[in-house]
Amino acid sequence: MFDIRLLRSEPDLVRAAMEKRHTKVDLEGGLEIDAKRRTLVYEMEQLRAEQNAASQEIGLKKRAKEDASEAIAAMKAIKDKIGALEEQVREVDAQLQSFLLTLPNMPAEDVPLGKDDTENRVERVWGEPGKFDFEVQDHVALGEGLGLLDFECAAKLAGSRFCLSRGAIAQLERALINFMLDIHTREHGYMEVLPPFMVNSDSMQGTGQLPKFAEDLFKLEGTDYWLSPTAEVPVTNIHRGEILKEEQLPIYYTAYTPCFRSEAGSYGKDTRGMIRLHQFNKVEMVKFVRPEDSWEELEKLTQNAETILQRLELPYRVVTLSTGDLGFCAAKTYDLEVWLPGQDAYREISSCSNCVDFQARRANIRFRRGKKPEFVHTLNGSGLAVGRTAVAILENYQQEDGSVRVPTALQPYMGGLECITAG
RNA sequence: GGAGAGGUGUCCGAGUGGCUUAAGGAGCACGCUUGGAAAGCGUGUGUGCGGGAUAACCGUACCGAGGGUUCGAAUCCCUCCCUCUCCGCCA
């Protein structure tokens with residue numbers, strides 16, 4: 001959530017930030033509502049103070065068995081005035097809230113300026129795309145060739161944008177989940193959590209999916225349950241409404257969850273294969289940290305995600321999202337893009353963001369180290385998208401006969417299996 | 001899903017319309033006392049919003065959430081959420 005005080009004191013700063021994002025917002029309108037609200041609140045509270053004083057006197061008179069009917073009659077008039085003001089305050093409050101809730105975070109200083117993903121900045125490249133002396137297949141051809149990926153059956157079970165995996169490919173995803181969680185918990189210091197996969201509207205608002213992006217989500221009819229689009233939602237909301245002790249920070253959580261996304265507005269994009277599904281598996285990392293530590297923590301978080309790709313020996317690069325490509329809550333985001341020979345391109349496999357205090361304000365997550373509680377900074381990153389990692393393994397480790405080698409680091413998680421063959 | 005009992009501050013716990021701007025206790029912080037500690041004594045101890053100098057302080061709201069009745073609500077009424085016990089159903 002946006003800090004209204006920042007908008008009040010530094011409107012030009014905020015305006016510049018919104019322009020960088022190419023987000024059109026009526027800041028003057030918001031400031032007007034804010035000013036109106038403060039006037040009304042002040043007026044209302046003056047009357048309430050009067051009412052409280054009068055009520056106390058009425059109480060005293062009643063106890064002394066004196067007549068208080070005159071005072072009571074006078075209070076009736078004030079009551080109506082207060083009621084009318086309450087109504088108005090409620091209205092402007094709602095207006096201000098909806099204004100603030102739809103304002104995106106401000107990009108950090110060092111985020112490259114750009115209109116969209118074509119202007120992201122490549123930070124570093126790891127590994128080299130492999131050379132193949134045969135014609136490479138994409139993961140769909142490979143998976144279907146092996147008889148282990150079945151999109152047709154998934155369409156029968158659910159519809160388009162779903163996938164059914166069988167045998168060694170189903171095991172591959174399960175192995176990857178364990179592999180990733182083991183590294184994050186044993187080597188990177190994260191606490192594993194297994195959260196609900198459905199969440200309520202309050203949680204969705206806390207992490208910024210609502211109210212603005214409802215069309216990207218699945219909602220369960222007749223309930224207040226939403227299918228979580230990422231573990232970031234349930235895990236960040238673990239500490240919603242809490243005041244943490246400074247000694248508790250930093251908190252690192254990692255979680256495996258399936259993720260559900262409606263992918264509205266992406267019709268026609270990535271229709272083939274496992275790249276863009278309504279349901280996919282992901283291991284997520286979430287951090288709660290002190291404000292002064294969050295930038296260093298973002299670097300570490302990104303490293304943690306990179307470690308997984310390095311152990312799997314998958315070539316990738318790291319890009320910083322430009323201001324036009326940045327997500328709603330993020331102040332800065334690094335995307336990890338893995339090399340996919342079948343597409344002859346780098347494709348996003350992880351997104352690591354520092355949300356600074358933006359989600360903490362929405363979800364009211366604070367910590368105490370002085371008299372006043374302060375907002376924590378929250379970070380999140382995929383570590384990694386499991387389905388896309390499976391795709392990357394299939395395509396990068398493919399052999400001429402259509403079989404797929406299992407990365408060395410993953411073999412212990414696959415019962416020692418070295419190669420996935422048709423079966 | 002059905003029946004019943006509950007939800008009060010960091011915690012325990014009192015409180016069924018007005019000396020409650022939430023009693024009392026525990027915890028915590030600071031001070032006194034002590035050779036040191038404990039005990040004892042004293043003081044303080046939440047959050048949001050508005051005003052004010054980003055102070056002191058003042059006002060206001062908050063007793064699961066949201067409405068309502070009333071001059072006045074932790075207390076009465078309505079709706080919802082959660083927890084516990086029993087039954088049903090299931091994994």
Side-chain angles (χ1 to χ4, degrees), chain A residues 1-11 13 30-101 194-206 210-211 219-226 234 237-249 291 357 360-376:
Chain A
M1 171 119 74
F2 218 87
D3 184 2
I4 183 68
R5 273 173 253 201
L6 181 65
L7 180 56
R8 259 183 229 155
S9 58
E10 307 266 8
L13 189 79
L31 283 169
E32 248 172 64
I33 294 165
D34 175 53
K36 191 172 162 195
R37 180 183 165 275
R38 279 186 290 166
T39 309
L40 288 169
V41 164
Y42 185 76
E43 223 177 301
M44 180 180 71
E45 291 190 347
Q46 291 288 312
L47 285 175
R48 281 221 181 119
E50 202 179 315
Q51 184 186 43
N52 285 343
S55 284
Q56 208 164 352
E57 294 217 3
I58 291 170
L60 286 170
K61 280 193 177 170
K62 287 259 183 181
R63 256 177 272 120
K65 308 274 190 214
E66 288 172 32
D67 180 40
S69 54
E70 202 174 304
I72 289 174
M75 280 303 100
K76 277 189 178 165
I78 287 198
K79 188 201 175 187
D80 289 342
K81 272 201 223 168
I82 291 176
L85 277 168
E86 272 176 351
E87 180 80 17
Q88 291 180 61
V89 167
R90 213 174 319 187
E91 201 174 300
V92 291
D93 252 339
Q95 283 175 19
L96 187 62
Q97 277 293 312
S98 67
F99 169 73
L100 290 175
L101 284 171
L194 182 60
F197 302 157
M198 295 181 226
V199 297
N200 57 30
S201 298
D202 286 345
S203 294
M204 285 294 191
Q205 185 172 300
L210 290 180
K219 171 107 190 252
L220 271 71
E221 209 174 330
T223 70
D224 187 38
Y225 296 142
W226 303 79
N237 276 283
I238 287 174
H239 295 297
R240 170 153 50 87
E242 293 184 4
I243 300 176
L244 302 162
K245 297 191 179 90
E246 190 184 14
E247 310 88 78
Q248 288 178 266
L249 302 178
D357 63 353
R361 282 177 190 285
R362 291 185 155 243
N364 200 20
I365 308 168
R366 292 170 292 174
F367 76 104
R368 189 192 302 280
R369 61 177 156 187
K371 216 171 150 95
K372 281 258 168 195
E374 302 172 51
F375 288 108
V376 301

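So you know, we letter chains A, B, ... as the sequences are listed, proteins then strands, and number each from 1. Just so it is clear, the structure is predicted and the values come from calculations on it, not from any experiment.
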B:G9 and B:G13, which share atom name C1', separated by this distance in whole Å: 11 Å
Separation between the P atoms of B:G42 and B:G24, rounded to whole Å: 13 Å
Base paired to B:U60 (Watson-Crick or G-U; both N/O distances under 3.5 angstrom): B:G48
Interatomic distance, A:Ile72 CD1 vs B:C71 P [rounded to whole Å]: 8 Å
Interatomic distance where CD belongs to A:Glu247 and C1' belongs to B:U10 [whole Å]: 14 Å
Considering all heavy atoms, the nearest A:Pro291-A:Phe367 contact: CD-CE2, 3.7 Å
Whole-Å gap separating P (B:G50) and NZ (A:Lys36): 17 Å
Carboxylate-amine/guanidinium contact A:Arg48 A:Glu86, below 4.0 Å: yes
Salt bridge present between A:Glu374 and A:Arg369 (N-O < 4.0 angstrom): yes
Between B:G50 and B:C86 - P atom distance, rounded Å: 49 Å
Short side-chain donor-acceptor distance under 3.5 Å, A:Asn52 and A:Ser55: no
Distance, rounded to the nearest Å, where A:Arg240 contributes CZ and B:C82 contributes P: 13 Å
Whole-Å distance separating the CG atom of A:Asp80 from the P atom of B:G72: 10 Å
Closest to the A:Ala49 side chain, choosing from B:G59, B:C71, B:C49: B:G59
Partner nucleotide of B:A73 by Watson-Crick or wobble geometry (both distances under 3.5 Å): none
Pairwise P distance for B:U75 and B:C62, with rounding to whole Å: 10 Å
Touch class at under 4.0 angstrom, heavy-atom based, for A:Gln46 against every strand present: nothing
Residue whose nearest RNA chain B nucleotide is more 5′ - A:Ala53 or A:Ile4: A:Ile4
A:Asn52 vs B:G18: side-chain N/O to OP1/OP2 distance below 4.0 Å: no
Backbone of A:Lys245 reached by a side-chain donor or acceptor of A:Gln248 within 3.5 Å: yes
Base partner of B:G40, which must satisfy Watson-Crick or wobble distances under 3.5 Å: B:C32
Under-4.0 Å side-chain N/O to phosphate OP1/OP2 contact, A:Arg48 with B:G59: no
Side chain of A:Lys76 - closest among B:C71, B:C49, B:G51: B:C71
Minimum-distance nucleotide (side-chain atoms of A:Arg366 versus B:G51, B:C49, B:G48): B:G48
RNA chain B: 5'-proximal contact among A:Ala71 and A:Leu60 (nearest heavy atom): A:Leu60
Protein-nucleotide distance (A:Leu6, atom CG; B:U54, atom P), rounded to Å: 16 Å
Lys/Arg N to Asp/Glu carboxylate O, A:Asp34 vs A:Arg38, below 4.0 Å: yes
Euclidean distance for P, B:U79 against B:G2 (whole angstrom): 14 Å
Residue A:Glu45, side-chain atoms from C-beta onward, closest of B:U47, B:U60, B:G51: B:U60
Partner nucleotide, any strand, of B:U83 [Watson-Crick/G-U, under 3.5 Å]: B:A5
B:U83 and B:A26, which share atom name P, separated by this distance in whole Å: 33 Å
Sugar-phosphate, base or nothing in reach of A:Lys371, heavy atoms under 4.0 Å: sugar-phosphate
Between A:Asn364 and A:Arg366, a side-chain donor and acceptor under 3.5 Å: yes
Distance, rounded to the nearest Å, where A:Asp3 contributes CG and B:G48 contributes P: 13 Å
Paired nucleotide for B:A53 [Watson-Crick or G-U wobble; both distances under 3.5 Å]: none
Interatomic distance at C1', B:A74 relative to B:U16, whole Å: 10 Å
Under-4.0 Å side-chain N/O to phosphate OP1/OP2 contact, A:Arg8 with B:G50: yes
Closest nucleotide among B:U60, B:C71, B:C49 to the A:Val41 side chain: B:C49
Nearest-Å distance for atom pair NZ/C1', residues A:Lys245 and B:C28: 10 Å
Side-chain (A:Arg240) to main-chain (A:Gly206) donor-acceptor, under 3.5 angstrom: no
N/O (side chain, A:Arg368) to phosphate O (OP1/OP2, B:A29) under 4.0 Å: no
A:Lys79 vs B:C71: side-chain N/O to OP1/OP2 distance below 4.0 Å: yes
Pairing nucleotide - B:A23, Watson-Crick or G-U, each distance under 3.5 Å: none
From B:C49, B:G18, B:A61, nucleotide with atom closest to A:Arg37 side chain: B:C49
A:Tyr42, nearest nucleotide to its side chain (from B:A61, B:G51, B:G18): B:G51
Nearest-angstrom distance, C1' atom, B:A14 to B:G88: 38 Å
